[in-house]
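Predicted model only: the values in this text are computed from it and were never measured. Below, read A as the first sequence line, B as the second, and so on, with proteins coming before strands; counting in each chain starts at 1. Below, all heavy atoms of this structure are taken into account, side chains as well, without hydrogens, waters or symmetry copies.
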Amino acid sequence: MLEKTFDPKSIEPRLYAAWEASGAFKPSEDPNAESFTIVIPPPNVTGSLHIGHALNNTLQDVLTRFHRMRGKSALWLPGTDHAGIATQMVVERQLAAAGNVGRREMGREAFVEKIWEWKAESGGEIVNQLRRLGASCDWSRERFTLDEGLSAAVRKVFVQLYKQNLLYRDKRLVNWDPQFQTAISDLEVEQKEVDGAYWHFAYRLADGVTYQHPVAFDEDGKATEYETRDFIVVATTRPETMLGDTAVAVHPSDERYKDLVGKDVVLPIIGRRIPIVADDYADPTKGSGAVKITPAHDFNDFQVGKRHGLAFIDVFDERGSTLARPKRWVVENGKFEPSAPLHELPAELRNLDRFSARKAIVAISENEGWLREIEKIRHAVPHGDRSGVVVEPRLTDQWYVDAHTLAQPAIKAVEEGATVFEPKNWEKTYFEWLRNIEPWCVSRQLWWGHRIPVWYGPRVVERTETAMKLEHLTPHMFVAETAEEALAEARDYYGDERVSIPESGLGSSESGGNIVVLKQDEDVLDTWFSSALWPFSTLGWPDKTADLAKFYPTNTLVTGFDIIFFWVARMMMMGLHFMGEVPFKQVFINALVRDEKGAKMSKSKGNVMDPLILIDELGCDAVRFTMTAMSGQARDIKLSKQRIEGYRNFGTKLWNASRFAQMNECVRVEGFDPSTVKQPINKWIRGETVKTVTEVTRALEAPAFSDAADALYKFIWNVFCDWYVELAKPILNGDDAEAKAETRATAAWALDVILKLLHPVMPFITEELWDKTAEFGAPRTGMLIVEKWPELPDSWIDADAEAEIGWLVDAVGEIRSLRKEVNLPAGAKPPLTVIGANAETKARLVRHRDLLLTLARLDSAREAEAPPAGAVPFVLGEATGALAIAEFIDLTAEKARLAKEIAGHVGEIEKTARKLGNPDFLARAKEEVVAENRERLADAEAAKAKLEAALARLVAVG
RNA sequence: GGGCGGUUAGCUCAGCGGUAGAGCGUCUCGUUUACACCGAGAGGGUCGGGGGUUCGAUCCCCUCACCGCCCACCA
């Protein structure tokens, strides 16, 4: 016998182990089976399962289990992401906490080794947590983005893109994170509103130049008063960069400064002369109309600097602290050339962090009298999304991917429907970003990641037969998939064997024996560079593997909208470029889980709900059902524990229905054919089951997860438990052996279908019941996880049975409702009389007398010509039902009840009649709608007549 | 500044052209041997405001208000 409740805690680990051991998670080898593939959005190795993962992975598992049961060769490919910055950060923090020396003191090799150690110890945590969620991933295919295979794929992609001119090295401004001391991409920059100010500075004009500047205006905005100025006012939000100013720009059409273009100003503090240039970038309506230009510290100024051939002066080091000697570049022939710094910073401004430098410069400006005004403002300032510190635009050499070129096929594929987003409106977001895409900076100055496969050696500038002249300042690059290949290329380039790569142990290590020593690029690649290859690198690319042939392109990608740019778009670009086919046919965008107040869950807010704790408390199935039910198409999900409890109860309900079946010997009958059943309730539940199979199948195909959850919930609870089980009781307790046997078999059959349909969403409880119910009846041939998905014929829906059971359900409902309204004690069992019944109703009354008596708690049910005295009437189809409850009736209350009900019908009659009286409605509305309204009117009138007759009798008696 | 969502019962959300739905919560009743993690019943909404299209609008269009998110920019 089943226990009274389901105990998830003891069952989940056992079943999961059994599934895994059975090989059920592996795709079937059946060569005729169509494939169904999902690649997991690889969680960070540092991560632990949060509620967003729970949602995302539940949906993937529902799909995988569904398609597996449908006979597909279903592969859900799992893995984790090395997550460059995040992991490096975590390990660095741990080392510090353990009192270790810092990463720099430790050195690159030792530090990376530490990370690997850490990964081996605790990196797999999230993978075990996915198991707790019931994820039916094929763990034998698990991948990690830094695996040798995936690393080879990364190198191949890098080299190919380079050779195709789609990847290049360039010096330009990047978003620099001074905390991590690395470049980051545009996407990793977050704009945050902060309090700031415009500092208005007066820069003195050189050579004693003066001009007339308007200071008062009339109503039309015309200047009425001028003052003579020997300075020009510029405003800035970043005073600390002024030491790198190389110009002041004014708009070419700005009358105020027309005569100053071409003149110089003297940069305060330093005393350096910088030109006033005319450039459209300067906006005459903003500030003073003149803007200081710092080409090495601002993206707009960078462009201005290039247009005017200005020098680029970088005043900060990699930490964002002031340099003693600012670095200076000039552009020659379109290339940045280092150039000698023109000056040093005054001693008191050296080696200050950005924020101290700002304070110091503002203080100086105030003391020296060139600070004109401080205007407080609130403005958006770029921050590193990981570090949270203010990002610094910085002039560095980095590797860039020509995203614009790669984006075009990715745009086209979605336009043409090769890949479809669900919900579709996310395509707009996708297009918007891809159509305005900027070059993608893929190099990172980190240690944890894929090392850039580029080696540098000196450039040959002159070659004679006996000697060559080498130049080291602008090195030659050897871009190759391996050190060996780079070495070979280099030997070819130098025409000499005496080349080595010491860190790879390649080439002669004899000191002095080499004429050239190559050095590999220090940087690593953006984590998303390797993630972009995920759908094919995990399947074995660049090798032409069987997996790749079978499982690419994948079917559905399930992910959050927050990584459409980071990941989805980039996989599209890389997949199309290297595979020639989209990486997935459908992108299902799931919502973001928020707390019950709608706030994003975050550790700092302390509102996180830990899915593992919820699984412990309420069971995995309950959490999964909640995720499935709430994954509608809204943008965010507000999760509350109560909701999960509700679905835990749902599981218990099913458990108890099975228990009921067991107690009543509803065991599976081998070879049972539902099409042969005779009992109306069995025909009816058979049809309801078919409808549910159809609906759940449709919903999971779409996928429309919440529709599936909804259909399952309603069928199992409101149809099977609330009605079928109740309707079956009299037969199961009765003497009709044949009907009893049929009902037992039908109940067992329907439950089996339920278990199958519910399995993708609630795998544990269904598998457990599948197993337990096999202890009786016919044995199972295998586990539910690999059971065939039900396919039932529509012909099993029986309209007559449906109508008949519908009538019964209505009758019971009417009587129950009535009993409450007249406050009939629960124990009272009045007789029911039905007046004016047609032949069918009379027959039903006989057939279902037992059920009516039980479910509506009646003493008797019979058909009669006239109602007994003191009976309370209700409408029952074409007939009138009456409960003889004279002793309980409050005559006044009963009159009021009838009057209220009649009024309801009158209202409806008026409304419907008005509609039907409208010639336009009759002429233009659809026929069915008109017919429906006519019927509604007739029904309402009939009901009203019956109740009026009853009321008349009541008045006569009273 | 550009874009995308949202505004429906106390709460969380479905519905998206033909008489307003669910779950939870609330209220009433219930020892009917599957289940109190239950059963039965009830109450509760001028579907954010205003226009328009239509025979008919919660649903389509316009507009306003508020809330949320994304992108871009601001010397």
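Among the heavy atoms of the strands lying under 4.0 Å from A:Arg857 is at least one base atom, whether or not backbone atoms are also near. Residue A:Arg238 is out of contact with every strand shown, counting any heavy-atom pair closer than 4.0 Å. If you check every strand for non-hydrogen atoms under 4.0 Å, A:Ala290 touches a base. Backbone-only contact: A:Tyr198 has heavy atoms under 4.0 Å from sugar-phosphate atoms and none from a base. Within 4.0 Å of A:Glu726, counting heavy atoms only, lies at least one base atom of the nucleic acid. Using a 4.0 Å heavy-atom cutoff across all strands shown, A:Lys926 reaches at least one base atom of the nucleic acid. Residue-level contact check: A:Asn933 touches neither bases nor backbone, having no heavy atom under 4.0 Å from any strand.
Remark: the separation of the C1' atoms in B:C66 and B:G50 is 15 Å, to the nearest Å. Here, B:C59 and B:U53 have their P atoms 15 Å apart, quoted to the whole Å. Between B:U8 and B:U58, the distance separating the two P atoms is 15 Å to the nearest Å. Straight-line distance between the C1' atoms of B:C13 and B:G2: roughly 30 Å, to the nearest whole Å. B:G43 and B:U31: their C1' atoms are spaced 27 Å apart (whole Å). Rounded to a whole angstrom, the distance from the P atom of B:G39 to that of B:C62 is 46 Å. Comparing the P positions of B:G17 and B:A72 gives an interatomic distance of 36 Å, to the nearest angstrom. A gap of 25 Å separates the C1' atoms of B:G45 and B:G52, to the nearest Å.
At whole-Å resolution of the value, CH2 in A:Trp433 and C1' in B:C4 are 17 Å apart. Distance A:Asn733 CG to B:U33 C1': 10 Å, rounded to the nearest Å. The CG atom of A:Asn718 sits 9 Å away from the C1' atom of B:A22 (whole-angstrom rounding). One can place CD1 of A:Ile564 at 11 Å from C1' of B:C4, the figure rounded to the nearest angstrom. Note: CG (A:Leu858) to P (B:U32) measures 17 Å, nearest angstrom. The CZ-P distance, from A:Phe561 to B:C70, rounds to 8 Å in whole Å. A:Leu769 places its CG atom 13 Å from the C1' atom of B:C35, with the value rounded to the nearest Å. For A:Tyr713 and B:C37, the OH to C1' distance is 11 Å, given to the nearest whole Å.
Contact check on A:Asp7 versus A:Lys9 returns no salt bridge, with no Lys/Arg side-chain nitrogen under 4.0 Å from an Asp/Glu carboxylate oxygen. Salt bridge status for A:Asp195 with A:Lys376: absent, with no side-chain N to carboxylate O gap under 4.0 Å. With respect to A:Glu665 and A:Arg744, a salt bridge is recorded, a charged nitrogen being found less than 4.0 Å from a carboxylate O. A salt bridge links A:Glu901 to A:Arg897: one of the charged nitrogens lies within less than 4.0 Å of a carboxylate oxygen. Salt-bridge check for A:Lys900 with A:Glu821: failed, with every basic side-chain N at 4.0 Å or more from each acidic carboxylate O. One finds a salt bridge joining A:Arg698 and A:Asp707 here, because a Lys/Arg side-chain nitrogen approaches an Asp/Glu carboxylate oxygen to under 4.0 Å. A salt bridge does not link A:Glu908 with A:Lys944: every distance from a Lys NZ or Arg NE/NH1/NH2 to an Asp or Glu carboxylate oxygen is 4.0 Å or more.
For A:Glu932, whose side chain is taken as the heavy atoms from C-beta onward, the closest listed nucleotide among B:C73, B:U19, B:G5 is B:U19. You'll find that the side chain of A:Gln642 is closest to B:C24, out of B:C35, B:U12, B:C24. The side chain of A:Lys428 has B:G3 as its nearest neighbour among B:C35, B:G3, B:G5. Of the candidates B:G30, B:C69, B:C38, the closest approach to any side-chain atom of A:Ala826 belongs to B:G30. Candidate nucleotides B:U28, B:C55, B:C74 were compared by shortest atom distance to the side chain of A:Lys820, and B:U28 ranks first. Nearest nucleotide to the side chain of A:Ala657, out of B:C35, B:A34, B:C38: B:A34. Across B:C35, B:C55, B:U12, the shortest atom-to-atom separation from the side chain of A:Ala925 is found for B:C55. When each of B:U28, B:A34, B:C70 is scored by its nearest atom to the side-chain atoms of A:Phe660, the top-ranked nucleotide is B:A34. Checking B:C4, B:A40, B:G18 against every side-chain atom of A:Asp722, the shortest atom distance belongs to B:A40. The A:Ala380 side chain lies nearest to B:C73 when the options are B:C55, B:U19, B:C73.
Take the nearest nucleotide of RNA chain B for A:Glu193 and for A:Thr5: the residue whose nucleotide is more 5' is A:Thr5. Between A:Ala249 and A:Val725, the residue anchored closer to the 5' end of RNA chain B is A:Val725, taking for each the nucleotide with the nearest heavy atom.
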Encoded 5' to 3' (Watson-Crick or G-U under 3.5 Å; [ ] crossing; | other strand), RNA chain B becomes ((((((((.[[[[.)..(..]]]].(((((.......))))).....[[[[[..)....]]]]])))))))....
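Between the side chain of A:Arg659 and the base of B:C35 there is no donor-acceptor pair of N/O atoms closer than 3.5 Å. Looking at A:Glu438, its side chain has no donor and acceptor atom pair within 3.5 Å of the base of B:A72.
Residues A:Val194 and A:His383 meet the side-chain proximity criterion, which asks for heavy atoms closer than 4.5 Å.
Applying the side-chain contact (heavy atoms from CB on, under 4.5 Å) rule to A:Arg372 yields the partners A:His200, A:Ala202, A:Arg229, A:Phe231, A:Val233; only residues at least two apart in sequence or on another chain are considered.
Distances shown here put every side-chain N or O of A:Arg643 at or beyond 4.0 Å from the OP1 or OP2 atom of B:U12. Close to B:C55, at under 4.0 Å from its OP1 or OP2, lies a side-chain N or O of A:Arg924. Proximity of A:Thr429 to the phosphate of B:G3: no side-chain N or O atom is located under 4.0 Å from OP1 or OP2. Contact between the side-chain N/O atoms of A:Lys653 and the OP1/OP2 oxygens of B:G39 is found at a separation under 4.0 Å. Contact annotation: A:Lys729 reaches the phosphate of B:A34 (side-chain N/O to OP1 or OP2, under 4.0 Å). Regarding contacts with the backbone of B:C37, every side-chain N or O of A:Trp717 stays at 4.0 angstrom or more from both OP1 and OP2.
Here the side chain of A:Arg936 pairs no donor or acceptor atom with the backbone of A:Glu932 at under 3.5 angstrom.
Between A:Phe421 and A:Trp426, the distance separating the two ring centers is not shorter than 6.0 angstrom.
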